[in-house]
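Predicted model only: the values in this text are computed from it and were never measured.
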Amino acid sequence: MKYDVITLFPDIINNYCTQSITKRGIESGLISVETHNPRDYSLDKHKRVDDTPYGGGDGMVLMCQPVFDCFEAIKKEDDFEFIMLTPQGEKFNQNIALELSKKKQIILLCGHYEGFDERIRLGLTPREISIGDFVLTGGELPALILIDSISRNIPNYLGKDKCAHDDSFSEGLNGLLEYPHYTKPREYKGLRVPDVLLSGNHKEIDEYRKKESLKRTKTRRPDLLN
């Protein structure tokens with residue numbers, strides 16, 4: 001999987017990619033992450049990439065020319081998806097993460113300031129994705145969320161593919177929330193590990209986990225049962 005991130009703040013992306021599982025995924029060659037700064041394509045002598053909106057209003061708008069040229073300079077794979085991170089997009093979920101994990105390349109466009117010149121949408125026709133019903137200062141955090149979530153579904157990325165298979169919202173749990181987990185010690189401050197998990201009876205353990213998954217989903221996210 002090749003990720004290309006169009007961002008005015010590449011250090012945010014690059015610094016994250018030097019940590020934890022994302023770092024291991026890059027070192028193993030399962031994914032690559034490259035950043036592209038629209039400022040490098042600005043025709044303005046001061047490398048400006050934003051300007052005031054026509055019609056008036058607060059804030060600054062990301063100009064279309066630097067974004068167009070930056071996008072067009074990226075080498076495209078046969079099977080790529082171009083995504084604009086925006087609160088106006090479709091809400092991201094596990095099904096979309098699984099779908100996108102089958103692509104060869106994902107190009108992520110991070111916004112900033114007041115928003116995008118509308119001609120970026122009209123001319124480049126990106127798929128618009130939101131991570132939730134709230135507004136952030138920029139698209140870098142959503143881009144990292146997509147990279148992390150999508151990559152978990154790539155075979156061998158987590159070491160054990162079953163790890164992602166049994167996550168909350170995943171196919172292994174029929175889209176429900178994950179069951180509770182316990183580890184040592186057996187008892188801590190009067191709280192004990194359920195006996196069934198110590199029984200060694202895998203059928204009973206499996207039934208317990210399915211029951212707890214359903215119970216937790218009913219309590220916390222009843223909407224998922226629909």
Side-chain angles (χ1 to χ4, degrees), residues 1-38 70-71 74 76-77 79-112 126-181 183 213 216-217 220-221 224:
M1 169 72 75
K2 185 176 188 292
Y3 296 99
D4 290 275
V5 186
I6 300 174
T7 170
L8 298 173
F9 299 94
D11 286 348
I12 296 176
I13 305 296
N14 294 331
N15 288 340
Y16 181 87
C17 291
T18 64
Q19 307 295 321
S20 189
I21 294 176
T22 306
K23 177 184 178 182
R24 295 210 314 260
I26 293 172
E27 290 177 343
S28 68
L30 288 171
I31 67 169
S32 66
V33 181
E34 186 174 351
T35 55
H36 310 267
N37 196 330
C70 184
F71 172 77
I74 297 173
K76 315 295 193 303
E77 299 290 338
D79 183 23
F80 78 92
E81 186 93 41
F82 179 37
I83 295 172
M84 172 189 285
L85 287 316
T86 168
Q88 300 177 23
E90 61 181 308
K91 191 175 291 186
F92 186 67
N93 59 32
Q94 185 67 18
N95 288 335
I96 296 176
L98 185 59
E99 170 199 341
L100 292 175
S101 71
K102 296 175 173 58
K103 296 286 183 180
K104 291 183 179 179
Q105 179 185 23
I106 295 176
I107 302 173
L108 298 164
L109 173 59
C110 304
H112 227 76
R127 179 177 183 176
E128 300 184 39
I129 287 182
S130 166
I131 62 166
D133 295 338
F134 50 89
V135 179
L136 296 171
T137 304
E140 286 74 22
L141 292 178
L144 290 171
I145 286 173
L146 261 68
I147 291 172
D148 190 294
S149 179
I150 293 166
S151 298
R152 290 175 59 85
N153 296 286
I154 296 173
N156 301 317
Y157 184 80
L158 295 176
K160 295 182 179 179
D161 292 343
K162 191 170 173 58
C163 292
H165 183 263
D166 290 337
D167 282 341
S168 293
F169 315 111
S170 66
E171 181 182 355
L173 292 177
N174 294 315
L176 303 181
L177 298 183
E178 193 170 1
Y179 47 80
H181 294 278
T183 187
S213 175
R216 180 162 288 189
T217 304
R220 302 182 183 184
R221 290 291 305 277
L224 295 176

Within the side chain of [X], is there an N or O that forms a donor-acceptor pair under 3.5 Å with the backbone of [Y]?
{"X": "Thr217", "Y": "Leu177", "answer": "yes"}
{"X": "Asn174", "Y": "Leu176", "answer": "no"}
{"X": "Asn156", "Y": "Gly159", "answer": "no"}
{"X": "Thr86", "Y": "Gln88", "answer": "yes"}

Chi angles and distances behind the side-chain contact (heavy atoms from CB on, under 4.5 Å) call for Ile13, Glu34: CA-CA 9 Å; Ile13 305 296; Glu34 186 174 351; over 6 Å; no
Inter-residue atom distance [X].[atom1] - [Y].[atom2], 0.5 Å rounding:
{"X": "Ile154", "Y": "Leu30", "atom1": "CD1", "atom2": "CG", "answer": "7.0 Å"}
{"X": "Ser28", "Y": "Tyr157", "atom1": "OG", "atom2": "OH", "answer": "8.0 Å"}
{"X": "Ile131", "Y": "Leu85", "atom1": "CD1", "atom2": "CG", "answer": "7.5 Å"}

List the atom of [X], the atom of [Y], and the distance in Å for their closest heavy-atom pair.
{"X": "Ile83", "Y": "Pro126", "result": "C-CB, 4.4 Å"}
{"X": "Thr18", "Y": "Asn14", "result": "CG2-O, 3.3 Å"}
{"X": "Glu77", "Y": "Lys104", "result": "CB-CB, 4.2 Å"}
{"X": "Ala97", "Y": "Phe92", "result": "CB-CZ, 3.6 Å"}

When the side chains of residues 132-149 are checked against the rest of the protein, which donor-acceptor pairs come out under 3.5 Å, sequence neighbours left out?
from	atom 1	to	atom 2	distance (Å)
Asp133	OD2	Lys91	NZ	3.3
Glu140	OE2	Thr7	OG1	2.6
Asp148	OD2	Tyr16	OH	2.8

side-chain hydrogen bond (donor to acceptor under 3.5 Å, both in side chains) involving Glu128 - partner list, sequence neighbours excluded: Arg121
By side-chain hydrogen bond (donor to acceptor under 3.5 Å, both in side chains) - contacts of Asp79 (at least two apart): Lys103
Stepwise side-chain contact (heavy atoms from CB on, under 4.5 Å) test for Leu8 and Cys110: CA-CA 8 Å; Leu8 298 173; Cys110 304; over 6 Å; no
Is there a side-chain contact between [X] and [Y] (heavy atoms, below 4.5 Å)?
{"X": "Leu109", "Y": "Phe82", "answer": "yes"}
{"X": "Asp4", "Y": "Gln105", "answer": "yes"}
{"X": "Lys2", "Y": "Val33", "answer": "no"}
{"X": "Ile107", "Y": "Met84", "answer": "no"}

All side-chain contact (heavy atoms from CB on, under 4.5 Å) counterparts of [X], not counting sequence neighbours:
{"X": "Cys70", "value": "Ile6, His36, Tyr41"}
{"X": "Lys23", "value": "Glu27"}
{"X": "Arg24", "value": "Ile21"}

Test log, rule side chain to side chain donor-acceptor pair (under 3.5 Å), inputs Ser151 and Tyr3: CA-CA 10 Å; Ser151 298; Tyr3 296 99; 2.7 Å; yes
Residues Glu178, Arg216: salt bridge by 4.0 Å N-O rule: no
From CA spacing to verdict: side-chain contact (heavy atoms from CB on, under 4.5 Å), Thr22, Ser20: CA-CA 6 Å; Thr22 306; Ser20 189; 5.8 Å; no
Full working for side-chain contact (heavy atoms from CB on, under 4.5 Å) between Ile106 and Met1: CA-CA 8 Å; Ile106 295 176; Met1 169 72 75; 4.0 Å; yes
